[in-house]
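This report concerns only the one structure given below.
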There are 2 protein chains.
Amino acid sequence: MMTRQMAEGAARAAGRPRSEKAEKSIIEATLEMIGEGIAVSELSIEGIASRAGVGKTTIYRRWSNKEDLVVDALATLKPPLPPLRGDSVRDDLVAYLTVIKDESRHSRTRCIMNIAMSDSDRHPRLAARFDELAIQPRRAVMAEVLRRGIERGELRPDLDVEMAMAILSGAMLWHTKWSHRSTDLPDDLAERIVDEALRGFRPR
Amino acid sequence: MMTRQMAEGAARAAGRPRSEKAEKSIIEATLEMIGEGIAVSELSIEGIASRAGVGKTTIYRRWSNKEDLVVDALATLKPPLPPLRGDSVRDDLVAYLTVIKDESRHSRTRCIMNIAMSDSDRHPRLAARFDELAIQPRRAVMAEVLRRGIERGELRPDLDVEMAMAILSGAMLWHTKWSHRSTDLPDDLAERIVDEALRGFRPR
DNA sequence: TCGATACGCAACCGTCGCGTTTCATAATGT
DNA sequence: ACATTATGAAACGCGACGGTTGCGTATCGA
């Protein structure tokens, strides 16, 4: 990865070892603050150190700047992908979008999304990392579901998989982003999106 | 509006009047900086004053804080709505989404979108203003197009207009947000989105 | 002409964060 | 024990910024 400061697995083994606990609390504090809606540019090393209960020195010994720290923090996120092995494309898609919807209720997820979408221009490394960790795996899962549906004959053979993904994910994104003005998302939102979209995806 | 400092239309009429030009350059400088990707929290009054070629005093005389200034700056944006009087729902929707797509190439629009989407939690007044100025009018136009299509029989009578808008706008949002990784959007993107979506919107 | 107000500019103080250094202390290998 | 390295705390100089004040000038109505 090369974002960390030296002393990764290397030889040196003299003196007091670095505290694993300190490292954990630093990362956790960073994620917490991001999850509270603090933008990357507003994150302060001092604030992180204070919340993590460590000295600034301990942070600077590991990361040379804020972005490196945030990149490593994001790297610890392993977004759990929903297991989808339903009996139909519809079930899989509903399950998938339901996970997305539920996640959007957690502020941590929402704020991380914000960072991914807004700070992407200013922090390309960060955006790339997020894309690699969170976006691509999910794209792959969804594409697989759709491709399976085509093979099974549930979906049109000429369906544009990329466009279908854009429609499904986009519709959910639209709701989580815009209609999240005070009001909660309806319970059956995933079903409604999928049913409306599938109408055009199925064979004639 | 009440965000401005006194002396709006009120009686007082002694002494040198406030410079309209200064006001313009302040607002313009603010919009420029926002358009360059500077987040609201990163905007500095000093930076705005410097770019606008005015003294800080001139800003503080008009707005008591940063958010008030940004709110007024956003208020000057009158996003030109595309004239849609096409002969079909498809034409209208393609025209509409094409405008959205083209706008997403201008950094000012993209950055303003970022602010609307990310800073909405932290600056509710700002988000509300943006919603009122940019989102709602466009929602209304699109809803009208779809409703007209239903009346004409081009679309299913039972079509969920809100959901249809989410699918169409969401698909475009998805592309402008995620696939804008270095690569440009295809010229026929609007057509492809509309054609794919309409497949499920038309009467059986 | 005169009073009032606005202007740009510069200086000011207080705050905050950065990145560094120093310090006494804690934890490890030999 | 001893050398070595890490730790949290505190303080440092530095620069950016907020918000205020004063200065000399410009522009208005009366």
Side-chain angles (χ1 to χ4, degrees), chain A residues 3-30 33-34 36 38-73 119 122-123, chain B residues 3-30 33-34 36-73 122-123:
Chain A
T3 80
R4 270 193 181 77
Q5 313 270 73
M6 48 172 290
E8 185 74 4
R12 307 291 97 238
R16 177 174 175 175
R18 290 197 180 165
S19 160
E20 187 69 26
K21 202 179 65 179
E23 192 141 337
K24 280 290 179 194
S25 13
I26 293 169
I27 297 268
E28 185 54 29
T30 306
M33 297 178 77
I34 289 177
E36 285 166 13
I38 303 181
V40 175
S41 53
E42 292 169 320
L43 277 181
S44 72
I45 299 284
E46 295 194 340
I48 294 173
S50 162
R51 176 179 300 221
V54 306
K56 284 199 291 178
T57 334
T58 308
I59 295 184
Y60 280 111
R61 199 172 286 117
R62 292 168 164 76
W63 297 277
S64 50
N65 61 61
K66 199 163 54 181
E67 182 166 339
D68 283 350
L69 168 56
V70 175
V71 167
D72 271 12
D119 291 354
R122 217 153 347 159
H123 304 280
Chain B
T3 80
R4 270 194 182 76
Q5 312 269 72
M6 47 174 293
E8 184 77 5
R12 308 291 97 238
R16 176 174 175 176
R18 291 195 181 163
S19 160
E20 188 69 24
K21 201 179 65 177
E23 193 139 337
K24 280 291 177 191
S25 18
I26 294 169
I27 298 266
E28 185 55 28
T30 307
M33 296 179 78
I34 289 177
E36 286 165 11
I38 302 181
V40 175
S41 54
E42 293 169 319
L43 276 181
S44 73
I45 300 285
E46 293 196 342
I48 294 173
S50 163
R51 177 180 303 221
V54 306
K56 282 199 289 181
T57 336
T58 307
I59 295 183
Y60 280 112
R61 199 173 286 119
R62 292 169 164 78
W63 298 277
S64 51
N65 60 60
K66 199 162 54 181
E67 183 168 337
D68 283 350
L69 168 55
V70 175
V71 167
D72 272 11
R122 216 153 349 157
H123 304 279

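Residue numbers begin at 1 in each chain, while the letters A, B, ... track the order of the sequences.
- Taking 4.5 Å as the limit, some side-chain heavy atom of B:M33 sits within range of a side-chain heavy atom of B:L43.
- Considering all non-hydrogen atoms of both residues, A:A22 and A:T58 come closest at CB-CG2, 4.1 Å.
- B:Y60 has its OH atom 18 Å from the P atom of C:dA10, to the nearest Å.
- Closest heavy-atom contact between A:I34 and A:V70: CD1-CG1, 4.0 Å.
- Atom CD1 in A:I59 sits about 11 Å away from atom P in C:dG19, given to the nearest Å.
- At whole-Å resolution of the value, CZ in A:R62 and P in D:dA6 are 9 Å apart.
- Classification of B:K56 and B:E46 as a salt-bridged pair holds, one side-chain N sitting under 4.0 Å from a carboxylate O.
- Listed by residue number, A:L43, A:S44, A:I45, A:E46 are the residues of residues 39-54 of chain A with a heavy-atom contact under 4.0 Å to DNA chain C.
- When the side-chain nitrogen and oxygen atoms of A:R18 are compared with OP1 and OP2 of D:dT4, none of them lie within a distance under 4.0 Å.
- The distance between atom CD1 of B:I26 and atom C1' of C:dG8, rounded to the nearest whole Å, is 11 Å.
- Partners of A:R51 by side chain to side chain donor-acceptor pair (under 3.5 Å), not counting sequence neighbours, listed by chain and number: A:E32, A:E36.
- Between the CD1 atom of B:I38 and the P atom of D:dA16 there is a distance of 15 Å, rounded to whole Å.
- For A:T58 and D:dG8, the shortest distance from a side-chain N or O to OP1 or OP2 is below 4.0 Å.
- Using a 4.5 Å cut-off on side-chain heavy atoms (C-beta onward), A:Y60 and A:N65 make no contact.
- As rounded to whole Å, 13 Å separates atom P of C:dC9 from atom CZ of B:R61.
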What pairs of nitrogen or oxygen atoms, one from the protein and one from nucleotides 22-27 of chain D, lie under 3.5 Å apart?
{"from": "D:dA26", "atom 1": "N3", "to": "B:R16", "atom 2": "NH1", "distance (Å)": "3.0"}

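- Atoms CZ and CG, on B:R62 and B:D68 in that order, are 14.0 Å from each other to the nearest 0.5 Å.
- Within 3.5 Å, a donor on the side chain of B:K56 pairs with an acceptor on the base of D:dG19, or the reverse.
- Not a single donor-acceptor pair under 3.5 Å links the side chain of A:E23 to the backbone N or O of A:E20.
- Closest approach of A:I48 and A:I26 over heavy atoms only: CG2-O, 4.0 Å.
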